[in-house]
Amino acid sequence: MSIYDTLNKEQKEAVVHTEGPLLLLAGAGSGKTRVLTHRIAYLIEEMGVNPWNIMAITFTNKAAQEMRERVDNIVGFGADQVWVSTFHSSCVRILRRHIDKLGYDTNFTIYDTDDQKTIMKDICKRLMIDTKQLKERSILTAISGAKNELVSPLDYELSSMGDFQKRKIAGVYKEYQATLKKNNALDFDDLIMLTVELLKSNPEIRGSYQERFRYIMVDEYQDTNTAQFELIRLLADKYRNLCVVGDDDQSIYKFRGANIRNILDFEKVYPEAKVIKLEQNYRSTGNILDAANRVIAHNVGRKEKALWTQKEKGSRVHLRQFENAFEEADYISADIRSKVREGKCEYGDCAILYRTNAQSRMLEERFVIDGIPYQVIGGTNFYARQEIKDILAYLKTIDNGRDDVAVKRILNVPKRGIGAATIDKVQEYARERDISFFDALKEADRITSLGRTAAKLEPFVTMILAFRAKAEFYGIEDMIKDVVEIIGYEEYLKGLNEEEDKTEDRLANIGELYSKASAYEQTHDEISLSEFLEEIALVADVDNMENSDNRIRLMTFHSAKGLEFPHVYMSGMEDGLFPGYMSITCGDPTEMEEERRLAYVGITRAMEDLTLTYAKARMLRGETQYNPVSRFVREIPAELMDNTLPKSRSFEPESMGLPFDFRPKATLKPKVTAQPVKPFIAQGISSLNRVAGISKGFDMESDTILEYGEGDRVRHIKYGEGTVLAISREPKDYKVTVMFDNAGQKIMYASFAKLKRV
DNA sequence: GTGCCTGCTCACGGG
DNA sequence: GAGCAGGCAC
């Protein structure tokens with residue numbers, strides 16, 4: 001029996017249809033990843049295709065990793081030669097080799113949303129744009145939109161004739177792009193757009209990649225934007241062996257440029273395309289699948305399909321109403337606990353989904369109090385945290401002095417008495433001479449306007465140059481530790497006078513960064529600072545989700561796409577929250593359809609058990625709102641649910657006489673505030689519980705044993721010798737108080753203080 | 001140049 | 001409710 005015998009008829013058909021374009025419409029849970037991996041195996045083993053000639057593109061690193069593993073498992077020899085990668089990292093790989101053709105340096109840096117905003121502020125100031133009228137954010141959205149549609153600054157300008165607002169944006173776009181280039185930096189959208197530009201303008205390079213990628217597969221095709229589509233089209237143009245897999249019903253990324261037409265019109269672009277539908281769902285029980293089908297049926301303009309399952313009906317969809325979000329969280333926590341107690345499931349089998357990241361907080365607080373292990377996916381990306389960005393800015397400066405944003409970020413962090421005025425003067429000098437900000441700093445003594453302040457800049461420059469010299473022979477983890485040590489970053493953080501919890505969090509994050517660096521070093525044969533920084537820039541939140549540990553997952557509906565869980569809770573099912581207020585009021589029916597697809601994604605994550613919860617009253621942006629139950633809940637037929645909806649629209653705002661509960665806020669949340677939750681919250685909501693902070697080699701589970709005790713003499717790399725006064729066990733680390741002979745008393749964390757007993 | 005206070009705006013999703 | 005720009009005192 002071959003591995004292909006486990007596939008159903010349609011799956012098999014898709015696997016063996018290797019030549020020419022193929023559109024695989026794969027409904028939720030229909031085994032598309034299996035088809036893709038088996039197809040790769042088939043190409044290599046049955047068709048004799050060189051693995052080198054196969055490319056598989058996904059959206060997240062996690063998906064790429066999973067695909068890689070599964071291919072490795074079923075393909076014997078050569079699987080590692082298959083190019084399995086995300087859109088963004090594929091482009092980075094191509095650009096690192098050829099971007100010099102476009103006038104950039106091959107060691108370019110990648111700007112995240114924060115960096116973009118910094119640059120944009122600067123440009124608006126320079127171009128005297130009134131940001132009250134035209135917000136930075138909306139300019140960036142416009143630029144991103146243009147790039148996703150492959151519209152260059154020049155094209156944008158040409159199309160803006162007669163539109164005052166648009167012309168303004170065109171000017172900013174031009175300047176923005178020039179600034180990025182000057183800084184040798186690319187934003188996320190550039191990665192795709194510039195790769196397309198490169199392939200279009202260089203027939204030779206295009207030809208070589210076309211020749212290499214003879215078989216191309218694209219996952220989550222419904223989420224591609226115009227630029228990504230064009231990229232794929234260019235690469236596949238010669239052999240046209242392009243297999244795209246997607247589900248138009250799961251297209252939920254319009255806001256970042258996804259063009260649903262890419263999948264709906266695939267057959268127009270490739271008239272010879274074969275279309276195969278995968279409609280058998282292997283994931284969910286009957287009632288859940290029915291509910292999903294009934295909800296999505298309210299959308300028009302979709303490719304008709306009907307998911308079916310051989311599984312039994314299973315339990316009905318649970319529907320629960322609550323007075324407010326506290327009770328909602330209460331219930332979810334209690335429900336999961338009782339299921340676990342009864343042996344129906346484990347924590348790791350449960351996921352709680354919500355529309356907005358802010359909703360996680362109440363759930364987190366509940367879990368902390370109840371002592372339940374959980375993990376939040378998403379929210380603020382680990383690498384976007386202030387302390388991490390500070391340290392990374394040092395690394396970027398060491399690696400690529402042309403990144404002005406990074407240099408300016410750290411010039412006065414920790415405080416060196418260098419302020420905005422100085423930065424402006426140096427910037428002006430740099431602009432006059434068309435040199436980088438860092439190069440201008442090097443010549444600080446020649447910037448006459450600076451006067452005495454020039455002397456403050458010199459030690460900074462010297463320090464960076466010294467780091468650069470060390471970078472030659474330092475590992476990455478060592479480099480980071482050295483930077484943190486030399487700039488006195490821990491002391492700086494502690495001196496910020498933030499809440500203690502926050503400081504601890506930040507310190508723990510720094511520790512986590514050490515672990516990430518160390519992990520990078522262990523998984524790569526050749527280590528380079530540039531590559532480390534690049535990998536970091538492309539990390540998404542879901543990438544860090546570990547499947548193995550037994551914790552409840554909390555995430556947005558968006559993050560949940562592609563995942564599955566035996567027990568799923570969809571919380572906050574209220575009109576105004578989900579579907580969001582914007583999609584209800586804006587009057588664009590396609591917005592509502594996108595929300596509905598999101599609901600469909602949510603429902604189809606559930607394997608055996610789905611619970612929908614909603615609250616009559618909910619605090620939103622500091623204001624209590626009374627929203628009706630979500631229309632998506634109403635779209636599920638009553639017989640599929642275990643509870644009936646309220647018949648009247650009794651708690652919709654307009655029909656409400658006196659709201660049922662006008663107790664003051666404080667009494668609305670007695671359970672949480674009345675308990676001594678502080679110490680729990682301190683550790684529970686710390687970033688260590690968030691996905692980015694999954695600690696490896698930095699947690700107490702491994703039970704580090706300190707080589708010193710109270711009263712012992714120890715040595716610290718910077719403070720010299722001292723006596724240990726006290727050691728206290730913290731959730732994440734030991735806190736050690738030491739009286740140093742020369743430096744006085746210090747409180748430090750054992751894992752980074754690296755004290756040695758003497 | 002720094003730190004603190006205030007008042008304002010912005011509130012969806014993410015590589 | 002939170003984060004940030006701007007104003008003010010030191």
Answer yes or no on whether A:Lys408 is positioned over the face of A:Phe437, meaning its NZ or CZ is under 6.0 Å from the six-membered ring centre and within 45° of the axis.
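Relative to the ring axis of A:Phe437, which defines the angle, A:Lys408 lies inside both limits.
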
When you measure from the centre of the six-membered ring of A:Phe108, is the NZ or CZ of A:Arg96 closer than 6.0 Å and no more than 45° off the axis?
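Relative to the ring axis of A:Phe108, which defines the angle, A:Arg96 lies inside both limits.
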
Checking A:Tyr253 against A:Asn225: is there a side-chain donor and acceptor pair closer than 3.5 Å?
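No pair is found: no donor N or O on one side chain lies under 3.5 Å from an acceptor on the other.
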
Between B:dG13 and A:Phe255, is there a base-stacking contact, meaning the centre of the base's six-membered ring lies under 5.5 Å from the residue's ring centre while the planes stay under 30° apart?
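It does: the two rings, one from A:Phe255 and one from B:dG13, meet the stacking criterion.
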
Toward the 5' end of DNA chain B, by each residue's nearest nucleotide, A:Arg137 or A:Ser144
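Between the two, 5'-proximity favours A:Arg137.
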
For DNA chain B, whose closest nucleotide is more 5', that of A:Arg256 or that of A:Gly417?
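Here A:Gly417 is the residue nearer the 5' end.
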
On the nucleotide [N], are OP1 or OP2 found under 4.0 Å from the side-chain N or O atoms that [X] carries?
| X | N | result |
| --- | --- | --- |
| A:Thr556 | B:dG14 | yes |
| A:Asn412 | B:dT2 | yes |
| A:Asn357 | B:dA11 | no |
| A:Thr422 | B:dG1 | yes |

Does the B:dG15 base have a donor-acceptor partner in the side chain of A:Asp189 within less than 3.5 Å?
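Yes.
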
Of the candidate nucleotides B:dG13, B:dG3, B:dG1, which contains the atom at the shortest distance from the side chain of A:Lys415?
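Closest nucleotide among those given: B:dG3.
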
Which part of the nucleic acid does A:Lys121 contact within heavy-atom distance under 4.0 Å: base, sugar-phosphate only, or nothing?
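It contacts sugar-phosphate atoms only.
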
